Amino acid sequence: MEFGSFMEFSCRPDTSEAQAFKEAFDHVALAEELGLDGVWLAEAHFSPGRSVLASPLILASTIAARTSRLKVGTAVVVLPLGNPLRIAEEAATVDQISQGRFKFGVGRSGIQSAYEGYNIPYAESRDRFWEYLDIIRQAWTTESFSYQGQFLSYSNVCVVPKPYQSPHPPLRIATTTADTFPRVGSMGIPIFIGLRVAGMPEVAAQVHSFRKAWRDAGHEGTPDVSLRVPVYVAPTKTEALSDPEESFMRQFQRLGTRLAESATKEGAQAGEGRVEHSEELSGLTWEQALREKVAVGTPEMVVERLQEMKETLGLSGVVAELNAGELIPPEGIARSLRLFCERVIPAFK
């Protein structure tokens, strides 16, 4: 299994944006030192007091230049918010700078606020996502190409540079809605999953549909599933169960509020279950979160928890969200990362 750290370049309350960048780069340096497989960069817009990570590809190039071993991925680039040719150029540049340590994770985001800020209709996000992904793959794998799409058209364009990796950096799609799992499986593309919204049984069923579609399409290899999950590791059970509670619960409560607000907006679909999941999150207790949505405890407890998740979901990777909710102090994050790398990850290698 591969293990990474999910990063949002979080803004802790009463800290500056400059401090948020410094703390994040310190985290990257420690991850490199401790032998973590990689870091994964989110994309967030118009989120003062929460995240300064508006430009994941710029930060990916910076991290690639500062490190020599660490893999650098995006989790995710929100494709419909950008120009696909520009994204293809910049992502290929990161791949060249890192000499093949770059992984390209993409999604469309379930929160409409960024679309509203950019004045892009969220109702178009699905169709834009698939069209933009198609354009990017063609830009990377052909010398020049023309394209006639629903939203964009190009005539004989040649994207330079091409990626360092052939045919392109590994792709991974963030997948949350039931109908997307088999579609991505049939394409043979690895996925990100999470437990923040749906519970383990629901996600396990979705992953099953992904695996079936992968096999039915005749793709070689094992279907690749990576889980993003809040993780906190501490020397004692008491510390582990109490330290992250306020921060992790803050994230779940905030997500529940956003799902409720987004449920009636244009582009939300009934099959996504936003209202139902919002109600579930609004009533979530810390005890339920510990059982269903996080990996928290001593190193031995976290090994046991991740093993359960691996077996239930068929995981090939874990991306640990070490500061979900943004309230965990830097020294707590650093200690958790050290214990994670030194006493949890070896159990899976």
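This structure is a prediction, so every number in the text was calculated from the model and none was measured.
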message: For a 4.5 angstrom cut-off between non-hydrogen side-chain atoms, does Val296 reach Met301?
response: no

query: At their closest point, which heavy atom of Pro190 faces which heavy atom of Trp214, and how far apart are they?
result: N-CZ3, 4.2 Å

task: Write down the atom of Ser336, the atom of Val233, and the distance for their closest heavy-atom approach.
output: OG-N, 2.9 Å

- prompt: Which heavy atom of Trp130 sits nearest a heavy atom of Ile173, and at what distance?
  reply: CZ3-CD1, 4.1 Å

query: Would Glu43 and Leu53 satisfy side-chain contact (heavy atoms from CB on, under 4.5 Å), going step by step from the backbone distance to the final call?
result: CA-CA 6 Å; Glu43 178 177 340; Leu53 214 171; 5.6 Å; no

- request: Indicate whether the side chain of Ser144 and that of Asn156 have a donor and an acceptor atom separated by less than 3.5 Å.
  value: yes

- request: Report whether Val231 and Leu255 are members of the same hydrophobic cluster (ILVMFWY, side-chain heavy atoms less than 4.5 Å apart, transitive linking).
  value: yes

Pairwise salt bridge (charged side-chain N to carboxylate O under 4.0 Å, His left out) hits with a residue in residues 322-341, at least two apart: Glu33-Arg338, Arg50-Glu326, Glu239-Arg335, Asp243-Arg335, Arg250-Glu326, Arg254-Glu326, Arg338-Glu342

query: Between Ser61 and Ile58, is there a donor-acceptor pair closer than 3.5 Å when you use the side chain of the first and the backbone of the second?
result: yes

message: On a heavy-atom basis, which atom in Ser5 and which in Val319 lie closest, and how many Å separate them?
response: C-CG1, 3.9 Å

- prompt: If you measure from OG on Ser16 to CZ on Phe21, what distance do you get to the nearest 0.5 Å?
  reply: 10.0 Å

query: Looking at CG of Leu152 and CG of Asp134, how far apart are the two atoms once the value is rounded to the nearest 0.5 Å?
result: 11.5 Å

- prompt: Can you name the side-chain hydrogen bond (donor to acceptor under 3.5 Å, both in side chains) partners of Arg196, sequence neighbours left out?
  reply: none

message: I want to check something: taking the side chain as every heavy atom from C-beta on, are Pro80 and Tyr115 in contact at a cut-off of under 4.5 Å?
response: yes

Asp224/Arg172 ion pair, N-O < 4.0 Å: yes

- request: Using a strict cut-off of less than 4.0 Å between a Lys/Arg side-chain nitrogen and an Asp/Glu carboxylate oxygen, indicate whether Glu2 and Lys103 qualify as a salt bridge.
  value: yes

message: Working note: Thr180 + Gln206, criterion side chain to side chain donor-acceptor pair (under 3.5 Å); need CA distance, chi angles, decisive distance, verdict.
response: CA-CA 9 Å; Thr180 307; Gln206 293 170 336; over 6 Å; no

query: Atom CG in Leu59, atom CZ in Phe9: separation rounded to 0.5 Å?
result: 4.5 Å

task: Could you state whether Leu133 and Val94 fall into the same hydrophobic cluster, counting links through intermediate Ile, Leu, Val, Met, Phe, Trp or Tyr residues with side-chain heavy atoms under 4.5 angstrom apart?
output: yes

- request: Compare all side-chain heavy atoms of Tyr154 with those of Pro84 and state whether any distance is below 4.5 angstrom.
  value: yes

- prompt: Does Val318 reach the side chain of Met309, with side-chain heavy atoms less than 4.5 Å apart?
  reply: no

task: Take atom CD of Glu304 as the centre, draw a 6.0 Å sphere, and report whether it contains more than 12 heavy atoms from other residues, nucleotides or ligands.
output: no

statement: Across all chains, not counting sequence neighbours, the side-chain hydrogen bond (donor to acceptor under 3.5 Å, both in side chains) partners of Thr93 are none

field: Nearest non-hydrogen partners of Arg69 and Ala31, listed with the distance
entry: NH2-O, 3.3 Å

field: Min side-chain heavy-atom separation Val72-Ser98 under 4.5 Å
entry: no

- request: Tell me, with the steps shown, if Glu32 and Arg66 meet salt bridge (charged side-chain N to carboxylate O under 4.0 Å, His left out).
  value: CA-CA 10 Å; Glu32 169 93 342; Arg66 289 179 174 220; over 6 Å; no

Pairwise side-chain contact, Phe192 with Thr175, heavy-atom cut-off 4.5 Å (strictly under): no

message: For the CG atom of Leu36 and the CD1 atom of Ile345, what is their distance to the nearest 0.5 Å?
response: 5.0 Å

query: Any salt bridge between Arg183 and Asp179, counting N to O under 4.0 Å?
result: no

- prompt: When hydrophobic residues are tied together by side-chain contacts of less than 4.5 Å, even through go-betweens, does Phe151 share a cluster with Ile87?
  reply: yes

- request: Please assess Glu321 against Gln251 for the test side chain to side chain donor-acceptor pair (under 3.5 Å), listing each intermediate value before the final yes or no.
  value: CA-CA 11 Å; Glu321 194 170 1; Gln251 185 195 68; 2.5 Å; yes

query: Can you check side chain to side chain donor-acceptor pair (under 3.5 Å) on Ser113 and Arg258, steps first, answer last?
result: CA-CA 9 Å; Ser113 58; Arg258 289 185 173 180; 5.8 Å; no

field: From Thr62 atom OG1 to Leu57 atom CG, the distance as rounded to the nearest 0.5 Å
entry: 10.5 Å

- line: Taken in chain and number order and not counting sequence neighbours, the residues that satisfy side-chain hydrogen bond (donor to acceptor under 3.5 Å, both in side chains) with His168 are none

field: Derivation of the side-chain contact (heavy atoms from CB on, under 4.5 Å) call for Phe210 and Val184
entry: CA-CA 7 Å; Phe210 165 77; Val184 179; 4.2 Å; yes

- request: State whether Phe6 and Arg228 meet the cation-pi test: NZ (Lys) or CZ (Arg) under 6.0 Å from the six-membered ring centroid, and within 45° of the perpendicular axis.
  value: yes

field: Pairs meeting criterion ring-ring contact (aromatic ring centres under 6.0 Å, His included) with involvement of residues 308-349, two or more places apart
entry: Phe3-Phe340, Phe3-Phe348

query: Can you name the nearest heavy-atom pair linking Leu315 to Arg211, along with the distance?
result: N-NH2, 4.4 Å

message: Ring centres under 6.0 Å, that's the criterion: do Trp140 and Phe104 meet it?
response: yes

- prompt: Do Phe46 and Tyr118 make the cut of ring centroids closer than 6.0 angstrom?
  reply: yes

query: Do Arg86 and Glu90 pass the salt bridge (charged side-chain N to carboxylate O under 4.0 Å, His left out) test, and can you show the C-alpha distance, the side-chain angles, and the key distance before you say yes or no?
result: CA-CA 6 Å; Arg86 183 72 174 183; Glu90 293 182 353; 2.9 Å; yes

query: Mind checking what makes salt bridge (charged side-chain N to carboxylate O under 4.0 Å, His left out) contact with Glu308, not counting sequence neighbours?
result: Arg305

message: Between Asp37 and Lys349, does any side-chain N to carboxylate O distance fall below 4.0 Å?
response: yes

- request: Please report the C-alpha distance between Arg137 and Leu171 in whole Å, then the side-chain angles of each, then the deciding distance to 0.1 Å, and finally whether the side-chain contact (heavy atoms from CB on, under 4.5 Å) criterion is met.
  value: CA-CA 10 Å; Arg137 297 177 81 180; Leu171 291 173; 3.6 Å; yes

message: Contact between Ile63 and Val39 at the side-chain level, heavy atoms closer than 4.5 Å - yes or no?
response: yes

query: Is it the case that Arg108 and Tyr122 place a side-chain donor and acceptor less than 3.5 Å from each other?
result: yes

- prompt: Any side-chain heavy atom of Leu281 sitting closer than 4.5 Å to one from Lys293?
  reply: yes

task: Starting at CD of Gln165, measure out to CG of Asp95 and round the result to the nearest 0.5 Å.
output: 4.0 Å

field: Pair Asn83-Tyr132, side-chain donor/acceptor within less than 3.5 Å
entry: no

query: Is there a path from Val229 to Ile333 through hydrophobic residues (I, L, V, M, F, W, Y) whose side chains come within less than 4.5 Å of each other?
result: yes

- request: Report yes or no: do Ile97 and Leu41 belong to one cluster of Ile/Leu/Val/Met/Phe/Trp/Tyr joined by side chain heavy-atom distances under 4.5 Å?
  value: no

